[in-house]
Amino acid sequence: MILVFGSINADLVFPVETLPKPGETVLGADYLTVPGGKGANQAVAAGRFGAPTRMAGMVGDDDFGRAAVAELHAAKVDAALVATGGAPTGCAAICVDANGENQIAVAGGANRTVHAGLVPDDALGPDTTVLLQMEVPLEENWRLADRAKAAGARVILNNAPAAHIPDDIWPVLDYVICNELEIAAAAERFGITGRDPEDAADALRAKVPTALVVTLGSDGALALAHEAKWRVGALKIDPVDTTAAGDSFVGAFAAGLDEGQDLPDALHHASVAGALTCLAAGAMPSIADRAAIDARLGELSPPRPQ
Ligand code: RIB
């Protein structure tokens, strides 16, 4: 069982030719309003992968919140631990350029009131994989991570957007998943600077007891576990919108481990899941399901030990 503890947003998506620079206004045509948020996206990714999945989080008493919960239900995610509070549902402004690259600003709203008390003790046990990100109050993440570890759960943190992971939390985390910017930020906290993402991950791995996974965009991903290091490539695609590619990777990776896949197999599926999410606009609507992932898996060589 996957338990995602995290953010739920409405995404306002603005396709533009080029991303605005500071002080610049760029003009586009239409915009989309779709459910998103790193937590909810990862829950949808795990649900569409076929994993039994629960989501814990907060929304406002508004149409954005109701739409997000409906999308969770549509992906067969149990949203009984999503509470409605006084603050409005979180909202993200997302510009997407002609190459599919994005720029995101998030108003946290109800996500800022998420607390570990949303998750009852009986939701945590040795058969649970807890999935955390960094869009809710971090001290609540750490509270839940501690409780989850004590209950024997697997704990996975997606360090996105990058923020400080306290020294005493690293041992509680089984996996930390970062993109290239996030691994650099995590490594810098340990005085590791000026390295490429793989070197930064190697150096960080020597300092923490946690397995690391680094997503590398069109270069695929790396996993540095206790016993081995693995590298997987990426599907060759023409990206439309890279939003939620990381979330899709993380959700599929967690779902793969949860169903008993070994690390290379989970990495393989996750890389395909991330790439497929780049083929359509918006976060949640573009997240691939298991059938789509399995249909393209053979196009990507399995991970190689390094
Ligand atoms: O990772 C993509 C997500 O980041 C978007 O859905 C947006 O809501 C922000 O949380």
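In what follows, residues are counted from 1 in the order of the sequence shown. Note: hydrogens, waters and symmetry copies are ignored here, and every other heavy atom, side chains too, is used. Both ligands and their constituent atoms are indexed starting at 1 by order of listing.
If you check which protein heavy atom lies closest to atom 3 (C) of ligand 1, you get Asn41 ND2, 3.7 Å. Remark: minimum distance from atom 4 (O) of ligand 1 to any protein heavy atom is reached at Lys38 NZ, 3.2 Å.
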Report task. Test side-chain contact (heavy atoms from CB on, under 4.5 Å) on Arg231 and Leu216 and set out the steps. Result -> CA-CA 10 Å; Arg231 176 181 275 275; Leu216 302 166; 3.8 Å; yes
Query - Asn159 vs Ile165, side-chain contact (heavy atoms from CB on, under 4.5 Å): CA-CA, chis, key distance, verdict - result: CA-CA 8 Å; Asn159 183 25; Ile165 303 169; 4.2 Å; yes
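Around the CG atom of Asp30, the shell of radius 6.0 Å holds no more than 12 heavy atoms that belong to other residues, nucleotides or ligands. Atom CD of Glu24 has more than 12 neighbouring heavy atoms from other residues, nucleotides or ligands inside a 6.0 Å radius.
Residue-level proximity to ligand 1 for Glu135 is carried by the side chain, the only part with a heavy atom below 4.0 angstrom.
With ligand atoms numbered from 1 in the order given, ligand 1 contributes 5 (C), 6 (O), 7 (C), 8 (O) to contacts under 4.0 Å with heavy atoms of Asp11. Counting atoms of ligand 1 from 1 in the listed order, those under 4.0 Å from a heavy atom of Ala92 are 7 (C), 8 (O). Atom numbering of ligand 1 starts at 1 in the shown order; those under 4.0 Å from a heavy atom of Asp247 are 1 (O), 2 (C), 3 (C). Applying the 4.0 Å criterion to heavy atoms of Gly36 picks out, from ligand 1, the atoms 6 (O), 8 (O). Per-residue contacts place Asn9 under 4.0 angstrom from the following atoms of ligand 1 (heavy atoms of the residue considered): 7 (C), 8 (O), 9 (C), 10 (O). Residue Ala283 has at least one heavy-atom neighbour below 4.0 Å for each of these atoms of ligand 1: 6 (O).
Backbone and side-chain nitrogen or oxygen atoms of Gly37 are examined, and one is located within less than 3.5 angstrom of a nitrogen or oxygen of ligand 1. Looking at Ser7 next to ligand 1, no N or O pair under 3.5 Å apart turns up.
The two residues Ile287 and Ala45 make their nearest non-hydrogen contact at CG2-CA, 3.5 Å. Nearest approach of Asn111 to Gly90, heavy atoms of both residues: ND2-CA, 3.8 Å.
Salt-bridge formation is not detected for the pair Glu140/Arg147: no Lys NZ or Arg NE/NH1/NH2 atom is positioned less than 4.0 Å from an Asp or Glu carboxylate oxygen. Residues Asp63 and Arg66 are paired through a salt bridge, judged by an N-O separation under 4.0 Å between the basic side chain and the carboxylate.
Not a single heavy atom of Gly246 lies less than 4.0 angstrom from ligand 1.
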